[in-house]
Amino acid sequence: MTQPKQFRASKGTRDILPPDSALWNWFEQTAREVFGTYGFGDIRTPIFEETQLFARSIGTDTDVVSKEMFTFQDPLAPEELVRKVVERGFDATKVHVAGGQAPKAIWDALSEFEWLTLRPEATASVCRAYIEHGMHVLPGNVKLYYVGPMFRRERPQKGRYRQFYQIGAEVLGQSDAPAIDAELLEMLMVFFKRVGLTRTTLYVNSIGDKNCRPQYVELLRHELLQVKDQLGPDSRRRIETNPLRVLDSKLPHEQAIIAKLPRISDHLCAECREHFARLKDELKLRGIAYEENWRLVRGLDYYTRTTFELIAEGLGSQNAVCGGGRYDGLIELLAGPPTKGIGFAIGSDRAILSIRESGDLPRLPGLDVFVAWMGLSTYAAAVAIARKLRESGVSVELPGEEMKFKKSLNLADKLGARYALIIGSDEVASGTFTLKRLADADQKKLSEYELLEYLESEKRGTRG
RNA sequence: GUGAGCGUAGCUCAGCUGGUAGAGCAUCGGUCUGUGGCACCGAGGGUCGCGGGUUCAAACCCCGUCGCUCACCCCA
């Protein structure tokens with residue numbers, strides 16, 4: 001007789017339970033409110049997309065695409081398979097429909113449609129949706145935000161999960177005015193202030209565009225080759241794969257070497273230099289504190305010009321709570337019309353972790369009233385008043401079976417109720433209710449009208 | 001993918017040089033049939049992650065394995 005197996009959440013995933021989930025809801029709701037005031041609208045895109053969408057936008061050589069994606073094969077039904085095979089000009093008779101099997105060459109040819117991936121980020125999806133729905137014809141800039149889970153197959157550690165949550169915003173349209181970048185950063189900082197995350201540092205940089213960056217990368221590679229034997233194995237490898245990332249190295253003994261490397265700010269083309277300078281003016285205009293970080297490069301291929309990152313305290317070595325930048329060529333790369341774009345993604349797990357560490361938690365609404373009824377003769381009155389209180393927005397716990405009075409007050413206390421509503425035979429006889437404030441034991445007799453009136457005004461007075 | 005640390009009750013942990021399991025908190029009940037937080041009494045809850053080995057005897061020693069955590073890589 002073996003015990004049935006117990007299940008646990010998969011590696012890198014976790015449950016968010018009450019009361020933690022209330023903190024999460026508050027965090028995400030605050031983002032919705034702030035972003036709304038800047039004219040952003042909510043976009044909900046699928047959790048999975050064709051693998052090719054991510055491969056093409058993020059870049060085949062990035063870590064995210066090359067080793068971190070959850071990818072699976074869409075099990076095509078035989079008739080779907082035949083249809084797709086015929087559409088693509090293959091001989092349908094070569095498909096063994098009965099077994100759902102097809103020759104490898106045909107599978108390979110179909111792979112563009114057949115492979116699906118759990119989204120590792122959402123910018124690609126937003127861009128796909130922008131193109132798919134012809135949003136370039138919408139008036140003004142298209143401003144969208146999203147809230148939801150992302151998936152990357154990594155080894156979990158503090159502030160890093162396989163299913164993690166992001167809040168992101170994107171601005172798409174014809175303009176790449178630095179004011180757009182600055183306003184996006186302003187919105188970001190306003191949000192972080194609203195949720196009490198003030199001890200953060202905003203780093204900004206410009207990594208050039210397709211005109212000037214390739215030349216700089218070559219120069220950097222050339223310089224790195226001169227000092228190759230002084231670098232560690234990781235940095236050596238990056239000389240070939242992505243020289244920019246060497247700048248990001250944290251190895252102590254490499255710092256002196258990195259400090260002498262050529263900086264992109266000295267090698268930007270005139271347009272990029274102008275764009276970056278005006279961005280910094282705009283940030284000053286808006287009173288946004290930032291630090292210029294010439295070593296700030298981003299890991300995804302689509303970034304151009306403006307890049308930024310927000311670092312918070314109280315985290316482990318994964319201390320970036322937000323990252324983003326401009327991606328002016330991405331829409332075209334995805335076969336869309338010429339379009340400029342910029343966006344960011346906030347790591348909610350990390351942001352909430354940091355808020356927790358700072359100890360500055362918001363007071364979130366809990367249970368308002370516990371109904372302590374005594375004896376079956378009072379039950380009907382208890383049920384009726386519970387319903388009325390709930391209708392007016394008060395949260396109420398009503399025991400479904402009789403319990404000792406002491407025990408019900410005890411339970412009210414343990415559940416964290418603000419009030420106990422006492423209903424005994426006296427109250428029923430006089431048509432009143434006894435409301436007891438549990439924090440200080442203060443209690444008063446009220447009519448139904450007075451009770452509703454009192455609790456509703458209490459509710460309005462309570463922030464949150 | 002690489003490295004390190006840790007797996008004993010729901011949670012936090014104790015358990016000596018091997019002698020077949022404990023505390024606090026939590027839960028439930030009682031003291032206590034109209035006033036909670038406190039106190040006291042009691043109860044339930046563990047094949048000590050799993051498998052193998054050594055031994056008269058393993059939570060403890062050895063090997064393997066799985067899981068968790070942190071770090072590297074990289075990113076939010």
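Predicted, not measured: the structure shown is a model, and the values here were computed from it. A, B, ... follow the sequence lines: proteins, then strands. Residue 1 opens every chain.
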**Message:** Within the 4.0 Å heavy-atom criterion, would you say Asp413(A) contacts the bases, only the backbone, or no part of the nucleic acid?
**Reply:** base

**Prompt:** Does NZ or CZ of Lys407(A) fall inside the cone over Phe405(A)'s six-membered ring, less than 6.0 Å from its centre and within 45° of the axis?
**Reply:** no

With 3.5 Å as the limit, what N/O pairs link the protein to nucleotides 66-69 of chain B?
unit_1	atom_1	unit_2	atom_2	d
rG67(B)	O2'	Arg8(A)	NH2	3.3
rC68(B)	OP2	Lys11(A)	NZ	3.2

**Request:** Using the C1' atoms only, state how far rA21(B) lies from rC16(B), rounded to an integer number of Å.
**Result:** 15 Å

**Prompt:** Can the positive tip of Arg162(A) be found less than 6.0 Å from the middle of the six-membered ring of Phe70(A), inside 45° of the ring normal?
**Reply:** no

**Request:** Side chain of Arg153(A) only, please: which of rC32(B), rG1(B), rG34(B) is the nearest?
**Result:** rG1(B)

**Message:** If I take atom CE in residue Met69(A) and atom P in nucleotide rC74(B), what distance separates them, rounded to the nearest angstrom?
**Reply:** 18 Å

**Request:** Look at the side chain of Arg160(A) against the base of rC74(B) and say whether a donor-acceptor pair falls under 3.5 Å; ignore hydrogens and angles.
**Result:** yes

**Request:** Measure from CG on Asn410(A) to P on rG37(B) and round the result to the nearest Å.
**Result:** 6 Å

**Asked** For the side chain of Asn141(A) and the backbone of Lys143(A), is there at least one donor-acceptor N/O pair under 3.5 Å apart?
**Response** no

**Nucleotide nearest Ala441(A) (side chain, heavy atoms from C-beta), chosen from rG36(B), rC74(B), rA76(B)** = rG36(B)

**Item:** Gly343(A) backbone acceptor or donor facing Thr123(A) side chain under 3.5 Å
**Value:** no

**Phe191(A) and its ring-ring contact (aromatic ring centres under 6.0 Å, His included) partner, picked from Tyr38(A), Phe40(A), Phe344(A), Phe27(A)** = Phe27(A)

**Prompt:** Starting at NZ of Lys67(A) and ending at C1' of rC75(B), how long is that distance when rounded to a whole Å?
**Reply:** 11 Å

**Message:** With a sphere of 6.0 Å drawn around NE2 of His133(A), does it hold more than 12 non-hydrogen atoms of other residues, nucleotides or ligands?
**Reply:** yes

**Item:** Pairing of Asp248(A) and Arg295(A) as salt bridge, 4.0 angstrom limit
**Value:** no

**Asked** NA contact type, Ala312(A), heavy-atom cut-off 4.0 Å: base, sugar-phosphate, or nothing?
**Response** nothing

**Prompt:** At under 4.0 Å between heavy atoms, what does Glu402(A) touch on the DNA or RNA strands: base, sugar-phosphate, or nothing?
**Reply:** nothing

**Request:** Could you check whether Gly424(A) gets within reach of a base, just the sugar-phosphate, or nothing at all, counting any heavy atom under 4.0 Å?
**Result:** base

**Asked** Of the nucleotides rC74(B), rG34(B), rG36(B), which one has an atom closest to the side chain of Arg245(A)?
**Response** rC74(B)

**Length of the CD-P vector between Glu309(A) and rA76(B), whole Å** = 8 Å

**Request:** Under 4.0 Å between any heavy atoms, over every strand shown, what does Asp426(A) touch: base, sugar-phosphate, or nothing? Just pick one.
**Result:** base

**Asked** In whole angstrom, what separates Met403(A)'s CE from rG36(B)'s C1'?
**Response** 11 Å

**Prompt:** Is any side-chain N of the basic residue among Glu154(A) and Arg160(A) closer than 4.0 Å to the acidic one's carboxylate O?
**Reply:** yes

**Request:** Starting from P on rC74(B), measure out to CG on Leu296(A) and report it in whole angstrom.
**Result:** 14 Å

**Prompt:** More than 12 non-hydrogen atoms from neighbouring residues, nucleotides or ligands closer than 6.0 Å to CZ on Arg387(A), yes or no?
**Reply:** no

**Message:** Using atom P in both nucleotides, what's the gap between rA76(B) and rG64(B) to the nearest angstrom?
**Reply:** 38 Å

**Asked** What interatomic distance, in whole Å, is found between C1' of rC48(B) and the corresponding atom of rU35(B)?
**Response** 44 Å

**Message:** Counting the atoms with a prime plus P, OP1 and OP2 as sugar-phosphate, which does Ala372(A) contact under 4.0 Å by heavy atoms, base, sugar-phosphate, or nothing?
**Reply:** nothing

**Message:** Students often get this wrong, so: under 4.0 angstrom with heavy atoms, is Gln443(A) touching a base, only sugar-phosphate, or nothing?
**Reply:** base

Distances under 3.5 Å between nitrogen or oxygen atoms of protein and nucleotides 28-31 of chain B:
unit_1	atom_1	unit_2	atom_2	d
rG29(B)	OP1	Lys407(A)	NZ	2.4
rG29(B)	OP2	Lys407(A)	NZ	3.1
rG30(B)	OP1	Lys404(A)	NZ	3.2

**Prompt:** Over how many whole Å does the gap from Phe370(A) atom CZ to rG34(B) atom C1' extend?
**Reply:** 15 Å

**Asked** Looking across every strand, which nucleic acid part, if any, lies under 4.0 Å from Arg152(A) by heavy atom: base, sugar-phosphate, or nothing?
**Response** base

**Prompt:** Salt bridge check: are Arg326(A) and Asp181(A) linked by an N-O gap of less than 4.0 Å?
**Reply:** yes

**Message:** Within the supplied structure, the quantity of interest is the number of heavy atoms (other residues, nucleotides, ligands) at a distance under 6.0 Å from Lys193(A) NZ; does it exceed 12?
**Reply:** no

**Asked** P atom, rA9(B) versus rG5(B): distance in rounded Å?
**Response** 23 Å

**Message:** Taking only side-chain N and O atoms of Ser317(A), does any of them lie within less than 4.0 angstrom of OP1 or OP2 on rC72(B)?
**Reply:** yes

**Message:** Going by side-chain contact (heavy atoms from CB on, under 4.5 Å), Glu458(A) matches just one of Glu453(A), Arg437(A), Arg418(A). Which one?
**Reply:** Arg418(A)

**Message:** Check this for me: Arg390(A), atom CZ, are more than 12 non-hydrogen atoms of other residues, nucleotides or ligands nearer than 6.0 Å?
**Reply:** yes

**Asked** In terms of side-chain heavy atoms of Leu409(A), which of rA76(B), rU35(B), rC74(B) is nearest?
**Response** rU35(B)

**Message:** Using atom P in both nucleotides, what's the gap between rG42(B) and rC61(B) to the nearest angstrom?
**Reply:** 35 Å

**Message:** Counting the atoms with a prime plus P, OP1 and OP2 as sugar-phosphate, which does Gly316(A) contact under 4.0 Å by heavy atoms, base, sugar-phosphate, or nothing?
**Reply:** sugar-phosphate

**Message:** Mind checking if Ser408(A) touches a base, just sugar-phosphate, or nothing, with heavy atoms under 4.0 Å?
**Reply:** nothing

**Message:** If we ignore hydrogens and angles and just use 3.5 Å, is the side chain of Asn25(A) paired with the main-chain N or O of Glu28(A) as donor and acceptor?
**Reply:** no

**Complete:** Secondary structure of RNA chain B per the Watson-Crick/G-U criterion (both distances under 3.5 Å; [ ] crossing, | other strand, . unpaired) is (((((((..((((.....[..)))).(((((.......))))).....(((((..]....))))))))))))....

**Request:** Name the nucleic acid region contacted by Ala345(A), choosing base, sugar-phosphate or nothing; use a 4.0 angstrom heavy-atom cut-off, strictly under.
**Result:** sugar-phosphate

**Item:** Check: Gln318(A) side chain, rA71(B) base, donor-acceptor under 3.5 Å
**Value:** no

**Asked** Between rG34(B) atom P and Lys436(A) atom NZ, what is the distance in whole Å?
**Response** 14 Å

**Prompt:** Do Ser235(A) side-chain atoms and Gly232(A) backbone N/O form a donor-acceptor pair below 3.5 Å?
**Reply:** no

**Asked** Is any side-chain N or O of Glu427(A) under 3.5 Å from a base N or O of rG34(B), one able to act as donor and the other as acceptor?
**Response** yes

